[in-house]
Amino acid sequence: MPNYKIAVLSGDGIGPEVMIEARRVMAVIEKKFALTFSCTDANVGGIAIDVDGKALPEATIQICRDSDAILFGSVGGPKWETLPPNEQPERGALLPLRKHFGLFANLRPGICYPQLTHASPVRPDLVVGGFNMLCIRELTGGLYFGQPKYTREENGEPVAVDTMVYKRSEIERIAHVAFRAAQGRRKKVTSIDKANVLENSVLWRKTVIEIAKQYPDVALNHLYVDNAAMQLIKAPKDFDVMLAENLFGDILSDEMGAIAGSIGMLPSASLGNAKPGGLYFGLFEPGGGSAPDIAGKGIANPLAQILSVAMMLRYALGETAAADVIEAAVQKVIQAGLRTGDIWSEGTKKLSTAEMGAAVAEAI
Ligand code: NAD
C-alpha cells in the first residue's frame with residue numbers, strides 16, 4: 001500500500017480551519033483508495049514567527065525536504081504587518097520556500113462552476129455554463145528576480161531599476177509544463193507576451209513555438225498581454241491553458257480568479273522539475289490568503305484547500321483517480337445547492353466550514 005509523506009503547513013488565519021477539512025477528506029481518500037498519508041505538521045508564517053522567531057524555521061524546511069509534497073494553508077495577518085518586509089510571513093516564508101525547492105511553475109485553475117456563474121462579475125451571457133481554464137505562470141524568473149535591482153540618486157533625483165531576464169532554458173521548462181497540462185485537457189495553449197515591445201517576449205515567443213513542435217496534438221496561439229487582459233473578460237470560455245511569464249502571469253491569474261467568482265474555490269500548485277515518471281515535487285495551496293476578516297468564525301470556504309489536495313494527488317503523487325474523485329465530490333456538493341457564505345445565493349443552503357468539509361467527505 002503506498003504511503004505518502006506530506007508536510008502540512010497550515011499557517012495563520014483561516015489556514016488551520018480549512019486544513020482540518022482537507023485532512024478530513026484525506027482520511028476518506030485513504031480508506032477508499034488503499035493508500036496512506038503520513039502527515040507532519042510544521043510551523044510557517046506568523047505562527048512560526050511567534051513560536052520559532054522566523055517565518056520559515058529550519059525545522060520546517062527539513063520536514064518539507066523529507067516529504068513527497070507540501071500542503072500549505074495561508075500565512076499573514078495584521079499582527080505581523082509592522083515587521084520589516086523581509087521578515088513578514090508571506091515574504092519571509094513563501095518566497096524562500098519557492099526558491100529553496102526551485103518551484104518555478106505555478107498552476108492556477110480558474111474554474112467557474114455552472115451553478116456559480118452568479119458569483120462572476122463578468123456579463124452573465126459570457127459565462128453561461130461556466131468555464132474551466134488553467135493559468136501556468138513562470139514563478140522564479142523575469143522582472144521579480146532579475147539583477148540589477150536598485151533605487152539610487154542620479155543627477156539629483158531617485159532612479160529605480162528592475163531588470164527583466166529570461167534564459168531560454170527557463171522558458172523551455174515552463175513551456176513543457178503548459179503543453180503537458182494541455183494534453184490532459186482541451187489541448188490548447190495560449191501563450192502571453194509583449195513581443196511587439198520586449199526583447200524578453202521575442203525570445204519567449206520563439207522558444208514556445210519551438211517547444212510546441214514536440215506537442216503536435218496541442219494547438220498554440222499567442223496574445224499580447226494587454227489584449228489577453230481584455231479577452232479574459234470578453235471571452236473567458238475561449239481559454240484552456242494560459243501560459244505566461246512571472247509578472248504577466250501574476251496579474252492575469254488574479255484577473256482570472258476574480259472572474260471565476262470566489263477566491264475560496266480556487267486551489268493552486270507550485271511545482272519544481274518533473275521527476276522520472278512525470279511527477280513533480282510541489283507546494284499545494286489555496287489561491288487566497290489568510291482572510292483575517294473571517295478567521296475564527298468557522299465560515300471560511302474550505303473547497304480551495306480541499307481542491308489543493310486533489311492537485312497534490314494529481315501532480316505530486318500520481319493518484320489521478322483519487323484526484324478525480326475529490327473534484328467530482330466538490331461538483332456534487334455544489335450541484336446539491338450546498339454553499340459557504342462567500343458563494344451563497346437565494347435558494348441554496350448555507351453551511352459552516354466544518355459542514356462543507358463533511359459534505360465533501362460524504363460525497364466521496
Ligand atoms: P485574502 O485572500 O486573505 O482575503 C481577501 C478576501 O477574500 C477577504 O474578504 C476574505 O474574507 C475572502 N476570502 C479569502 N479566502 C476565503 C475563503 N477560503 N473563504 C471565504 N472567503 C475568503 O487576501 P488579503 O485580505 O489581501 O490578505 C490577508 C492576509 O493574507 C495578508 O496578511 C496577506 O499578506 C496574506 N496573504 C497570504 C497569502 C498566502 O499565504 N499565499 C496569499 C495572499 C495573501
Side-chain angles (χ1 to χ4, degrees), residues 8-22 25 42-50 55-56 60 70-99 103 106-108 111 116 119-121 137 139 249-251 253-270 282-309 311 330 333-334 338-345 350-357 359-360:
V8 179
L9 279 52
S10 303
D12 310 312
I14 61 167
E17 299 170 37
V18 292
M19 191 64 85
I20 288 173
E21 302 316 315
V25 166
N43 288 335
V44 73
I47 175 84
I49 293 171
D50 290 353
L56 185 62
T60 298
I70 306 169
L71 188 60
F72 195 93
S74 50
V75 293
K79 184 175 176 191
W80 305 281
E81 273 166 16
T82 49
L83 290 171
N86 282 340
E87 293 172 26
Q88 287 188 16
E90 245 187 299
R91 268 232 234 164
L94 257 181
L95 298 190
L97 261 179
R98 286 174 187 162
K99 202 165 169 195
L103 306 177
N106 185 231
L107 275 62
R108 263 177 87 172
I111 300 174
L116 298 180
S120 172
R137 165 188 169 197
L139 206 55
D250 191 1
I251 298 167
S253 65
D254 265 24
E255 183 185 347
M256 180 198 72
I259 63 168
S262 172
I263 191 100
M265 299 289 299
L266 301 177
S268 78
S270 300
L283 181 151
F284 302 86
E285 58 170 335
S290 59
D293 53 334
I294 56 166
K297 295 183 180 163
I299 58 171
N301 188 341
L303 294 181
Q305 190 75 63
I306 290 170
L307 290 167
S308 301
V309 173
M311 290 193 88
V330 167
V333 300
I334 296 295
L338 306 179
R339 307 278 192 273
T340 42
D342 54 316
I343 50 172
W344 179 83
S345 62
K350 198 184 279 185
L351 302 186
S352 67
T353 307
E355 287 167 338
M356 183 56 102
V360 176

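As the structure lists them, so they are numbered: ligands from 1, and atoms in each ligand from 1.
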Participant: How long is the straight-line distance from CE of Met265 back to CG of Leu307, given to the nearest 0.5 Å?
Facilitator: 6.5 Å

Participant: Yes or no, since that's all I need: does a protein heavy atom fall within a distance strictly under 4.0 Å of atom 13 (N) of ligand 1?
Facilitator: yes

Participant: Looking at Gly76 and Ser290, what are the two nearest heavy atoms and their distance?
Facilitator: O-OG, 2.8 Å

Participant: Side chain or backbone of Pro302 under 4.0 Å from ligand 1, or both, or neither, by non-hydrogen atoms?
Facilitator: neither

Participant: Considering only NZ, NE, NH1 and NH2 on the basic side and carboxylate oxygens on the acidic side, decide whether Asp12 and Lys79 come within less than 4.0 Å.
Facilitator: no

Participant: Would you check whether Ile14 has a nitrogen or oxygen atom less than 3.5 angstrom from a nitrogen or oxygen atom of ligand 1?
Facilitator: no

Participant: Return yes or no for this condition: an N or O of Glu285 is under 3.5 Å from an N or O of ligand 1.
Facilitator: yes

Participant: Please identify which atoms of ligand 1 are closer than 4.0 Å to at least one heavy atom of Gly76.
Facilitator: 32 (O)

Participant: What's the separation between atom CG in Asp342 and atom NZ in Lys350, rounded to the nearest 0.5 Å?
Facilitator: 10.0 Å

Participant: Using a strict cut-off of 4.0 Å, indicate which atoms of ligand 1 neighbour a heavy atom of Asp342.
Facilitator: 20 (C)

Participant: Looking at atom 39 (C) of ligand 1, is any protein heavy atom nearer than 4.0 Å to it?
Facilitator: yes

Participant: Does the protein put a heavy atom less than 4.0 Å from atom 7 (O) of ligand 1?
Facilitator: yes

Participant: Quick check on atom 42 (C) of ligand 1 - does any protein heavy atom sit closer than 4.0 Å to it?
Facilitator: yes

Participant: Nearest 0.5 Å, please: how far is CG in Leu266 from OG in Ser308?
Facilitator: 9.5 Å

Participant: Just how far is it from atom CG of Asp293 to atom CD1 of Ile299, taken to the nearest 0.5 Å?
Facilitator: 8.0 Å

Participant: Can Arg339 and Ile334 be said to form a side chain to side chain contact (heavy atoms under 4.5 Å, CB included), step by step?
Facilitator: CA-CA 7 Å; Arg339 307 278 192 273; Ile334 296 295; 3.8 Å; yes

Participant: What protein heavy atom sits nearest atom 11 (O) of ligand 1, and how far away is it?
Facilitator: Asp293 OD1, 2.9 Å

Participant: So for ligand 1, is Ala291 a polar contact partner (N or O within less than 3.5 Å, distance only)?
Facilitator: yes

Participant: Tell me which part of Leu94 gets within contact of ligand 1: side chain, backbone, both or neither, using heavy atoms under 4.0 Å.
Facilitator: side chain

Participant: Considering only non-hydrogen protein atoms, determine which one is nearest to atom 35 (C) of ligand 1 and report residue, atom name and distance to 0.1 Å.
Facilitator: Val75 O, 3.2 Å

Participant: Run through Thr340, Val360, Ile14, Leu351 and flag the one making a side chain to side chain contact (heavy atoms under 4.5 Å, CB included) with Pro302.
Facilitator: Thr340

Participant: For atom 36 (N) of ligand 1, what's the nearest protein heavy-atom neighbour? Residue, atom name and distance, please.
Facilitator: Glu90 OE1, 3.3 Å

Participant: List the closest protein heavy-atom neighbour of atom 2 (O) of ligand 1: residue, atom name, distance to the nearest 0.1 Å.
Facilitator: Gly289 N, 2.7 Å

Participant: Numbering the atoms of ligand 1 from 1, which are under 4.0 Å from a heavy atom of Gly264?
Facilitator: 17 (C), 18 (N)

Participant: State the atoms of ligand 1, each with its element, that fall below the 4.0 Å cut-off from a heavy-atom position in Gly77.
Facilitator: 32 (O)

Participant: Are Glu21 and Leu303 close enough that some pair of their side-chain heavy atoms sits under 4.5 Å apart?
Facilitator: no

Participant: Quickly, which of Ile49, Asn43, Val44 forms a side chain to side chain contact (heavy atoms under 4.5 Å, CB included) with Ile47? Name it, please.
Facilitator: Asn43

Participant: How far is atom 28 (C) of ligand 1 from its nearest protein heavy atom, and which residue and atom name does that atom have?
Facilitator: Pro292 CD, 3.4 Å

Participant: Specify the protein heavy atom at minimum distance from atom 29 (C) of ligand 1: its residue, its atom name, and the distance to 0.1 Å.
Facilitator: Ser290 OG, 3.3 Å

Participant: Is there a side-chain contact between Arg98 and Leu283, using heavy atoms and a 4.5 Å cut-off?
Facilitator: no

Participant: Taking C-beta and beyond as the side chain, do Leu71 and Glu285 meet within less than 4.5 Å on heavy atoms?
Facilitator: no

Participant: In plain terms, say whether Arg108 and Asp254 are close enough for a salt bridge, that is, a side-chain N and a carboxylate O under 4.0 Å apart.
Facilitator: yes

Participant: Classify the contact between Ile294 and ligand 1 as side chain, backbone, both or neither, using a heavy-atom distance cut-off of under 4.0 Å.
Facilitator: side chain

Participant: Is there a side chain to side chain contact (heavy atoms under 4.5 Å, CB included) between Leu97 and Leu56 once you walk through the steps?
Facilitator: CA-CA 8 Å; Leu97 261 179; Leu56 185 62; 3.8 Å; yes

Participant: Under the 3.5 angstrom rule, does the side chain of Ser270 hit a backbone N or O of Asn106 as a donor-acceptor pair?
Facilitator: no

Participant: Using a plain distance cutoff, I'd like to know if Gly288 has any nitrogen or oxygen under 3.5 Å from a nitrogen or oxygen of ligand 1.
Facilitator: no

Participant: For Ala304, state whether at least one heavy atom is located under 4.0 Å from any atom of ligand 1.
Facilitator: no

Participant: May I ask whether atom 21 (N) of ligand 1 is less than 4.0 Å from at least one protein heavy atom?
Facilitator: yes

Participant: Please list, in number order, the atoms of ligand 1 under 4.0 Å from a heavy atom of Ser74.
Facilitator: 40 (O)

Participant: Checking a contact table here: which protein heavy atom is nearest atom 19 (N) of ligand 1, and how many Å away?
Facilitator: Asn301 N, 2.9 Å

Participant: Give the contacting part of Ile263 toward ligand 1: side chain, backbone, both or neither, where contact means a heavy-atom distance below 4.0 Å.
Facilitator: side chain

